[in-house]
**Q** 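First the structure, then my questions, so here it is.
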Amino acid sequence: MEYRVDESDSFVEVRVWRTGTDLSKTATVTVRSRKTDPVSAEGEPRPDAPDVLRVPLDDRGVRPGLRGDQPKPGLRPGVNMQTFRVTILDDLGQPVLEGTERFELVLRMPVNGVLGEPGRATVYINDSVSDLPKVQFREAAYVAKEHEGRVSVVVFRSGDVSYRSTVRCYTRQGSAQVADDFEERPNTDASVITFLPGEVEKPCAVVLTDDTVHEEDEELRLVLGSPKSASPFGASVGALSETVVRIKDDADKPIIKFGETKFSVSEPKESGQVSTVTIPVLRVGDASQVSVVRVHTKDGSATSGEDYHPVSEDIVFKAGEREHSVEVEVLYDGVREMREAFTVHLKPDENMVAETQMSKAIVYIEETNSMADVTFPSVPQVVSLLHYDDAAARDKEGLRPPAGYPVVCVTACNQKYSDYEKTGSICVSEHINDTLTRYRWLVSAPRGPDGVTSPMREVDFDTFFTSSKLITLDSVYFQAGSRVQCAARAVNSDGEEGLELSSPITSISVEEGMCQPRKVGTVGAEPFSAKLRYTGADDPDHANLIKLTVTMPHMDGVSIVGGGRATSAMDTHAAGDLHAALSNFELTLSPDGTRVGNHRCSNLLDHDEVTTRHGFLTDATKNPELIGETSPYQYSAPLRGGNTLRFYRNLNLEACLWEFVSYYDMSELLTDCGGTIGTDGQVLNLVQSYVTLRVPLHVSYVFHSPVGTGGWQHFDLQSELRLTFVYDTAILWKEGISSPPQAELQGALYPTSMRINEHGRLVVNFRTEARFRGLFVTSHSASPLASMIMCADHPGLTFNLTLVRTEPTYNQPLQQWTFISDFAVSTPVPHLPHLPMYMTLRLLCGDYSGTYTVKLVPCTSNPNQEYAIPPVCNPREPITFDLDIRFQQVYRPSQTPHLPLSPERVAPGRAGRLTPEESPLDP
């Protein structure tokens with residue numbers, strides 16, 4: 001008896017059998033392990049060998065039975081076989097290749113039985129597989145960078161590493177080619193890697209060819225082969241015998257960018273003169289191809305035509321060219337004013353060769369005219385609008401403006417100034433008109449965890465609902481922990497501007513806020529809910545429209561925008577849009593026409609900018625459901641501006657919730673907002689059909705970031721709203737359709753379902769009941785007549801009638817039928833009378849409405865006739881059933897005339913019924 005086991009198996013299971021006619025008593029036997037005799041040439045287990053098996057022994061040096069660790073094991077009555085395990089010790093820590101070893105297991109001292117043959121078993125332990133030196137790659141894939149010139153992958157050796165081993169590591173081409181992309185390692189001894197005794201890792205290096213031409217990611221393979229070892233059993237290659245090397249060429253990627261992102265130029269001193277600012281445009285990386293980029297200017301506080309000549313021109317980078325420049329002329333305007341700015345932008349490469357980065361540069365126009373001899377008697381103060389009236393609170397040490405509410409710049413000539421009793425008289429004597437004061441704001445990001453602060457950056461970007469040049473700064477421009485500073489320039493009663501004074505830097509409170517996030521110091525998208533609802537005919541203000549309501553939580557410093565065919569700004573600040581995802585928020589939030597042209601169903605549009613009848617923003621500046629002000633100056637137009645109030649009227653600051661509501665008719669949702677409508681070609685049940693409106697919704701949570709690209713960062717969400725209209729079709733009757741009373745033979749037809757398949761063909765399923773002895777057949781050899789379908793309303797339409805299933809009996813069987821039109825009907829229709837909605841809808845319909853005549857051939861059988869296949873029966877004159885169908889299939893939105901949908905009766909005895917379903921969404 002022999003057992004063979006690998007050293008890594010940990011154990012071997014051995015069986016002991018009992019035979020004989022009387023197995024009614026419990027029997028036991030002792031198993032003893034011993035060395036083989038004579039000593040095996042392959043190496044016998046030694047008492048001091050760490051990898052020799054050890055059978056658990058009792059105090060007599062023997063295993064106490066055959067049932068594992070049972071204290072009194074044995075063969076119970078009736079049991080003829082018992083299994084036990086012998087533990088094999090593996091030299092895992094320091095594998096040693098020893099070849100095959102063996103030992104014996106011997107049965108001794110039986111109780112209630114005698115020893116039979118064989119009474120000895122030999123166990124062979126083999127480690128020539130598990131401890132064999134094995135080489136393989138450490139990883140299945142590696143990433144290399146072309147400009148580094150080489151890549152080194154790790155070859156790993158396991159098993160008995162006490163011997164010297166070698167293996168070939170050679171290359172194979174993939175998309176990367178030899179000589180062009182890398183130096184070949186051939187499958188020869190020149191590519192051998194040598195492991196000295198004790199070494200477990202070795203590098204396999206490949207030299208890469210670094211050129212100046214940009215290439216997409218390329219791959220090559222490294223393969224291990226021809227393993228050798230000084231061990232008597234040789235060596236082997238493991239499972240990871242190949243690895244993939246992916247070569248990236250990011251250093252040669254062509255990039256076009258501005259040389260700097262900020263430029264300064266002095267305004268000319270005299271009329272007729274111009275100053276020129278030169279803006280370098282650089283190309284780095286691969287310059288072997290032609291790239292064309294457009295450079296254009298965009299107004300900021302500086303106005304094109306008045307302060308500078310606008311530029312919009314193409315720059316062509318020919319092969320080998322790496323630098324161009326753009327010159328912008330700055331004009332003399334003769335007006336004393338603060339520093340103004342405009343921006344210069346790079347559009348993407350028209351040839352789609354190079355990527356554009358650092359695509360925005362700011363140009364500051366510095367005023368060189370002498371300023372009027374007027375200045376504020378003291379520096380301004382930055383306080384929260386909450387504390388604007390509370391000078392005592394502002395004087396408290398350590399009071400910081402809370403997050404989520406505007407801050408105000410209080411000059412020394414403002415009656416709210418803390419020392420106005422001292423500074424007011426000076427302002428009067430200097431003839432300073434504080435209502436003409438020019439403001440600008442600077443903001444920095446919150447202090448980092450390491451305590452490092454970011455530099456103060458000027459807020460030079462206005463949005464369609466905020467301005468950075470007002471006495472107040474909206475909370476969208478800062479967040480908890482931000483540092484804020486205002487600069488105020490005095491203007492005298494003659495309109496002459498004086499010197500500018502800056503306030504001390506104020507930090508926004510981290511502990512206090514109007515609507516703090518769940519985790520302080522974090523920003524992100526929050527779940528929102530949206531729903532569509534049909535208002536019905538009884539709504540006093542918005543009858544027969546679709547009401548869209550979007551509700552979302554508000555967080556300090558964030559705005560919400562979003563919508564449908566472009567966006568909606570729904571503060572975290574939120575933007576919402578029906579139809580299109582939001583991107584490039586510098587343009588998306590800008591007050592110019594770019595935003596208006598790209599967004600239609602969105603809260604990014606003010607009340608006078610929407611093209612639909614209604615919008616998310618109205619001309620109201622206060623929510624009529626709110627009584628009084630929940631916070632000071634919350635609805636102050638002089639301090640905050642009308643655009644800001646119209647946007648923020650949708651914010652319930654007490655509940656920290658935004659709610660944006662708009663109303664649309666069906667045509668607006670389809671043509672302006674990107675909606676779709678369809679029925680999936682199905683009826684809802686036997687007597688009702690449905691139309692489903694689907695409207696995409698995109699919501700973005702936007703927050704200002706002084707260090708972010710373009711000054712804004714955002715989190716985007718997307719969902720789809722659905723509204724289903726269910727209406728009676730009255731095309732299928734549960735009581736069925738009976739044959740004409742005057743017919744000689746009677747039967748009944750029961751429509752079961754109707755649909756339009758993927759080819760636009762009408763598919764009708766019905767069942768019949770033969771109220772005579774026999775059944776209906778499609779045709780019979782004894783009659784020239786056949787069952788058929790006709791429709792007088794569609795004389796050119798033909799059908800294919802099929803008998804699907806029949807009961808195997810002549811005793812009034814039930815039979816299943818299907819008929820399919822041979823082609824599709826596609827007809828623009830002027831109205832849709834059976835859909836009861838007061839709306840306009842643009843549709844292209846397949847109108848299958850009409851009376852369908854079903855002629856079925858009855859076949860009678862004798863009273864004693866048994867059912868057979870094919871049926872044995874006598875064909876008779878066809879029985880006629882009239883099936884009245886009113887069904888129109890919506891395929892897709894189409895530019896057909898507006899269709900007035902009204903609740904007309906759809907069939908005799910059936911009135912239209914509308915059941916809109918709300919579809920709240922919470923992503």
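This structure is a prediction, so every number in the text was calculated from the model and none was measured.
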**Q** Roughly how far, to the nearest 0.5 Å, is the OH atom of Tyr810 from the CG atom of Asn864?
**A**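 It comes to 13.0 Å.
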**Q** Find out whether Thr880 and Thr853 are in side-chain contact, i.e. whether some heavy atom of one side chain is under 4.5 Å from a heavy atom of the other.
**A**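 Side chain of Thr880 against side chain of Thr853, heavy atoms only: contact under 4.5 Å found.
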**Q** Less than 4.0 Å between a side-chain N and a carboxylate O, is that true for Arg613 and Asp665?
**A**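 Counted as a salt bridge, because a side-chain N and a carboxylate O are separated by less than 4.0 Å.
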**Q** Please step through side chain to side chain contact (heavy atoms under 4.5 Å, CB included) for the pair Gln815 and Leu803, ending with a clear verdict.
**A** CA-CA 7 Å; Gln815 296 173 273; Leu803 176 59; 3.9 Å; yes
**Q** Might you work through the side chain to side chain contact (heavy atoms under 4.5 Å, CB included) test for His614 and Leu545, ending with a clear yes or no?
**A** CA-CA 10 Å; His614 302 279; Leu545 295 177; 4.0 Å; yes
**Q** Provide the closest heavy-atom pair for His780 versus Cys859 in the form atom of the first, atom of the second, distance.
**A**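 What the structure gives for the nearest pair is CD2-SG, 3.8 Å.
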**Q** Got a second to check how far Ile546's CD1 is from Tyr534's OH, nearest 0.5 Å?
**A**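 Answer rounded to 0.5 Å: 7.5 Å.
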**Q** Could you check if a side-chain atom of Met81 sits within less than 4.5 angstrom of a side-chain atom of Arg18, using non-hydrogen atoms only?
**A**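 Met81 vs Arg18: side chains apart.
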**Q** Should Ser529 and Thr551 count as side-chain neighbours, where that means a heavy-atom distance under 4.5 Å?
**A**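 Yes, their side chains come closer than 4.5 Å.
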**Q** Walk me through it: do Asn765 and Thr818 pass the test side-chain hydrogen bond (donor to acceptor under 3.5 Å, both in side chains)?
**A** CA-CA 5 Å; Asn765 298 307; Thr818 295; 2.6 Å; yes
**Q** Do you know which two heavy atoms are closest between Ser821 and Leu797, and how far apart they sit?
**A**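 That would be CB-CD1, 4.0 Å.
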**Q** Taking atom types as modelled and ignoring hydrogens, do the side chains of Glu219 and Ser175 form a donor-acceptor contact shorter than 3.5 angstrom?
**A**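 No donor-acceptor contact under 3.5 Å links the two side chains.
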**Q** Should the pair Arg767 and Tyr750 be classed as cation-pi, given the thresholds of under 6.0 Å to the six-membered ring centre and 45° from the axis?
**A**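 Yes.
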**Q** For the residue pair Trp817 / Thr802, report whether a side-chain donor-acceptor contact shorter than 3.5 Å exists.
**A**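 Their side chains do not contain a donor-acceptor pair, so the 3.5 Å distance test is not met.
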**Q** Are side-chain N/O atoms of Thr809 and Asn811 paired as donor and acceptor at under 3.5 Å?
**A**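 No, because no side-chain N or O of Thr809 sits under 3.5 Å from a partner of the opposite role on Asn811.
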**Q** Answer whether the closest heavy-atom distance between the side chains of Leu548 and Val661 falls below 4.5 Å.
**A**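 Of all side-chain heavy-atom pairs linking Val661 with Leu548, none is under 4.5 Å.
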**Q** How far does OH of Tyr867 sit from OG1 of Thr806, to the nearest 0.5 angstrom?
**A**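 That separation rounds to 5.0 Å.
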**Q** Give the minimum heavy-atom separation between Tyr3 and Ala121, together with the two atoms involved.
**A**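 Distance-wise, the nearest heavy atoms are CE1-CB, 4.0 Å.
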**Q** Less than 6.0 angstrom separating the ring centers of Tyr852 and Phe799, yes or no?
**A**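 That pair passes the under 6.0 Å test.
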**Q** For Tyr664 and Asp672, test the side chains for any donor-to-acceptor distance below 3.5 angstrom and give the result as yes or no.
**A**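 No pair is found: no donor N or O on one side chain lies under 3.5 Å from an acceptor on the other.
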**Q** Checking side-chain hydrogen bond (donor to acceptor under 3.5 Å, both in side chains) for the pair Thr612/Glu668: CA distance, chi angles, key distance, verdict?
**A** CA-CA 7 Å; Thr612 54; Glu668 290 172 336; 4.8 Å; no
**Q** Does Leu697 reach the side chain of Val699, with side-chain heavy atoms less than 4.5 Å apart?
**A**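 Side-chain contact under 4.5 Å: yes.
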**Q** Could you check whether Arg15 pairs with Glu13 (Lys NZ or Arg NE/NH1/NH2 to Asp/Glu carboxylate O, under 4.0 Å)?
**A**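 A salt bridge is absent here (no side-chain N lies under 4.0 Å from a carboxylate O).
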**Q** Using 30° and 60° as the class boundaries, would you call the ring planes of Phe776 and Phe772 parallel, tilted or perpendicular?
**A**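 Plane angle over 60°, so perpendicular.
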**Q** Using the rule given for side chain to side chain contact (heavy atoms under 4.5 Å, CB included), can you reason through Phe84 versus Val16, listing the C-alpha separation, both sets of side-chain angles and the distance that settles it, and then say yes or no?
**A** CA-CA 8 Å; Phe84 68 95; Val16 177; 3.8 Å; yes
**Q** For Glu866, is the CD atom crowded, meaning more than 12 foreign heavy atoms sit under 6.0 Å from it?
**A**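 At most 12 heavy atoms, drawn from other residues, nucleotides or ligands, come within 6.0 Å of this atom.
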**Q** Do Cys873 and Gln865 come within less than 4.5 Å of each other through their side chains, counting heavy atoms only?
**A**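 They are not in contact (no side-chain heavy atoms under 4.5 Å apart), so the answer is no.
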**Q** Looking at Asp793 and Thr851, what are the two nearest heavy atoms and their distance?
**A**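 Smallest heavy-atom distance, with atoms named: OD2-N, 2.8 Å.
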**Q** Check the pair Ile879 / Leu745 against side chain to side chain contact (heavy atoms under 4.5 Å, CB included), numbers first and verdict last.
**A** CA-CA 7 Å; Ile879 298 178; Leu745 299 177; 3.8 Å; yes
**Q** Would you mind reporting whether Glu659 and Leu657 have side-chain heavy atoms less than 4.5 Å apart?
**A**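 Answer no - side chains too far apart.
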**Q** Taking all heavy atoms of Leu856 and all of Leu801, pick out the closest pair and write down the distance.
**A**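 Closest pair (atom of Leu856, atom of Leu801, distance): CD2-CD2, 4.1 Å.
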**Q** From Thr535 OG1 over to Tyr663 OH, what is the distance, rounded to the nearest 0.5 angstrom?
**A**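 So the gap between those two atoms works out to 7.5 Å.
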**Q** Is any side-chain heavy atom of Arg876 closer than 4.5 Å to one of Thr860?
**A**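 With C-beta onward as the side chain, the pair touches.
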**Q** CD/Gln812 to CD/Glu807 distance, rounded to the nearest 0.5 angstrom?
**A**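 Between Gln812 CD and Glu807 CD, I get 10.5 Å after rounding to 0.5 Å.
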**Q** Atom CD1 of Ile737 and atom CG of Leu883: how far apart are they, to the nearest 0.5 Å?
**A**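 Separation between the atoms: 4.5 Å.
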**Q** If you compare all heavy atoms of Pro878 against all heavy atoms of Lys855, which two are closest, and at what distance to 0.1 Å?
**A**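 Heavy atoms of Pro878 and Lys855 come nearest at CB-CB, 4.4 Å.
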**Q** Examine distances only and state if a side-chain atom of Arg533 and a backbone atom of Lys547 form a donor-acceptor pair shorter than 3.5 Å.
**A**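 No, Arg533 side chain to Lys547 backbone: no donor-acceptor pair under 3.5 Å.
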